[in-house]
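All values reported here derive from a predicted model rather than from experimental measurement. For the numbers below, each heavy atom of this structure counts, side chains included, while hydrogens, waters and symmetry mates do not. Lettering of chains follows the sequences in order, A, B, ..., and the numbering in each one begins at 1.
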Number of protein chains: 2
Amino acid sequence: MSTRSSSPTIVDVARQAGVSIKTVSRVLNQEPGVHEETRAEVLRVVKALRYRPKQSARSLAGGRSFLLGLLYYDPSAAFVGRVQQGATLHCREVGYHLVVESLHHDTRDLQEQVERMVMTLRPDGMILTPPLCDSREVLDALRESDTPFVQISPERDLPDAPSLRMDDIRAAEDMTNLLISLGHERIAFIKGAPDQIASAHRYQGYLDALRAHGLQPDAQLIQQGSFSFDTGREAAHQLLSRTLRPTAVFASNDDMALGVLAAAQRLGLSVPGDLSVAGFDDSPPAALVWPALTTVRQPVSEMASLAVDLLVRRRSDPAAEPVHRVLPFELVVRDSTAVRRRG
Amino acid sequence: MSTRSSSPTIVDVARQAGVSIKTVSRVLNQEPGVHEETRAEVLRVVKALRYRPKQSARSLAGGRSFLLGLLYYDPSAAFVGRVQQGATLHCREVGYHLVVESLHHDTRDLQEQVERMVMTLRPDGMILTPPLCDSREVLDALRESDTPFVQISPERDLPDAPSLRMDDIRAAEDMTNLLISLGHERIAFIKGAPDQIASAHRYQGYLDALRAHGLQPDAQLIQQGSFSFDTGREAAHQLLSRTLRPTAVFASNDDMALGVLAAAQRLGLSVPGDLSVAGFDDSPPAALVWPALTTVRQPVSEMASLAVDLLVRRRSDPAAEPVHRVLPFELVVRDSTAVRRRG
DNA sequence: CTGAAAGCGCTTACAG
DNA sequence: CTGAAAGCGCTTACAG
């Protein structure tokens, strides 16, 4: 019923500007070799008509979709949410759009799911987050369809794809150094899931810092967790029930650190008075609990932005050697850590 | 360098199946009027060739993009994350894809942002979450571009768009009833941000439940918050410092309830021993804190699925009267609430 | 039940 | 610096 005329096309613009559609196309795509006056006139008409090139047409003709895909598994993961945020914002800046695809990690047809998505949508690239970025099925589907992708925080780098990560070892080392500088010597550590390389790296950083300060790692103070709240709480319960308690606990992610907080509370220990607690990730709850958690912030937005850039730029230079970058992290010192109480 | 032949098109399928491309198109779009044998043969070839129709071509020719947009403002909001999850999963089932667009609520050019997104991408519909679903600029941009949209939990319903929401009044009433059934009579309430209709509704439900049980609302027990952790903590501090303390606090969202937990802990009150605490939303931290929070779960996945359905179906019946549905919620009883301790 | 033709709105070679 | 032509891979009327 709308009396609104249908959207203007490139033909309308060309006609009004008195040029060919090819010239309009040139201006829109910022190609060189257009007379400045011509360019200005075209732009004027574009603005006057509120003309927007239609993606489906550009896509069909030009062979690129201006779509980037974000593949993820665990939707609740704060990490993915922040990747997405960084990616959408940067996508807008470069004229792309982000399509999100949530996968069931356990399903049989992971490869089929990815393949179908990629073949119908033809995204110009995919952004992969853990644990999917290390899934053979996902990678195979992407390779088979010639879809460029970048891995964010993968278990291991690939020769044929760029990756972006932070230095887990160094971050854990810095956090441990912080605790040491606060006077702590009996610093417990709760390890993460054994099958994730980040667990080993963070543990490594912890050990490095202790050794650099001449402190002996104490097996009694090292517990195995699996990155969950419950394992953190149980590990802390073990650690804190001993007569000779640690004065600080470094949990290798925030969920476990929250578990430590809960255990301390249960046992009537005050944090940070009786016990300092540090986490890793800077998840949303970290800032919401009491006391607010000291933790490590990963450079997630930067990784996401860079991922978008790498994918978009890849078009101009498809044969470029894939980069593997390590980005700087940040220690977020809040209220759960304090100078060790003497006596 | 790849020796891989380019993807098969509808022409390849038609040739191999010995039919016209029109017939292939009919089969793919499940149109009636194709001989069963012909249909089977086409499907066989489709499968053999691993043929997938290209979205950009379908989109350009058919005038629909198979893309749905999710517009949101606050990325960290757990609510939006769950909407997204529900939407992507259902999108896959119906052959659509979800494009996410994060907006800056405060920017001047909200309308311009939305208009640009919609005009280039031409999504077949948009899913709007609070607070954007009530933004005049967003709505105007959508209407002007003839883009169908559905509102999830809007402040108020619109005559020209479907909306999906839960019954806030009833949910708050049920939660209050739960506390009353546990023996509580001095039940405090922390209100949410005054500019959101949900705040008024939840407060209303609280009052309704009290009155139904012959309990007088006590102004001393009612505090104003604004849905943030800090306002929850402050309000709780006020409430719990009095000589005649409440035995239960109903915070009208989880973030504030977490603040109540923090305040109680600070004052040395045990939850739920000395104090029962209830929240609203079932945000991720709600299950992670100690004690785990009793709260209300909104039917978010259902709203998201329905939103997708409404948008997809709208194509077949664009003139249909927009529906305004109220979906059932769920009380999630965890560890922060208990029978009132006597004496 | 099936098909030939036209067209969606752009970009890609190719000319000049 | 600029343009005419062809084509991307589908769907939409329109026929029969």
Between B/G33 and A/E31, the residue closer to the 5' end of DNA chain C by nearest nucleotide is B/G33

Closest non-hydrogen atoms of B/M303 and B/S153, given as atom of the first, atom of the second and distance, are CE-OG, 4.0 Å

Ranking D/dG3, C/dG3, D/dT2 by distance to the side chain of A/V34, first place goes to D/dT2

**Message:** Please check this pair: side chain of B/D134 against backbone of B/P131, looking for a donor-acceptor N/O pair closer than 3.5 Å.
**Reply:** no

**Prompt:** Hey, is the main chain of A/Q298 close enough, under 3.5 Å, to the side chain of A/R82 for a donor-acceptor pair?
**Reply:** yes

So, is B/T23 close to the C/dG3 phosphate, meaning a side-chain N or O under 4.0 Å from OP1 or OP2? yes

Listing for DNA chain C: consecutive Watson-Crick or G-U pair runs of at least 3, distance cutoff 3.5 Å, ranges ordered by first number, gives C:1-3 with D:14-16, C:5-12 with D:5-12, C:14-16 with D:1-3

What protein N or O atoms touch nucleotides 6-10 of chain D N or O atoms at under 3.5 angstrom, if any, and at what distances?
| unit_1 | atom_1 | unit_2 | atom_2 | d |
| --- | --- | --- | --- | --- |
| D/dC8 | O2 | A/A61 | N | 3.3 |
| D/dC10 | OP1 | B/Y51 | OH | 2.9 |
| D/dC10 | OP2 | B/I10 | N | 2.7 |
| D/dC10 | OP2 | B/Y51 | OH | 3.3 |
| D/dC10 | O5' | B/Y51 | OH | 3.0 |

#### Entry: Ionic contact status for A/R52 with B/E112, cut-off 4.0 Å
yes

We want to know whether A/D124 and A/Y96 form a side-chain donor-acceptor pair, criterion being a heavy-atom distance below 3.5 angstrom. yes

Of all heavy-atom pairs linking A/I152 and A/C133, the shortest is O-SG, 3.7 Å

Indicate, with a heavy-atom threshold strictly under 4.0 Å, whether B/S59 touches base, sugar-phosphate, or nothing. nothing

Given the options A/Q84, A/Q85, A/R92, B/S102 meets side chain to side chain donor-acceptor pair (under 3.5 Å) only with A/Q85

When every non-hydrogen atom of A/L132 is compared with those of A/L71, the smallest separation belongs to CD1-C, 4.0 Å

Note: contacts of residues 117-126 of chain A with DNA chain D (heavy atom, under 4.0 Å) are none

Closest non-hydrogen contact found for A/P322 with A/P162 is CB-N, 3.6 Å

Side-chain contact check for A/R26: nearest option of C/dA13, C/dG3, D/dT2 is D/dT2

Taking every heavy atom of A/S145 against every heavy atom of A/M119, the minimum-distance pair comes out as CB-SD, 3.8 Å

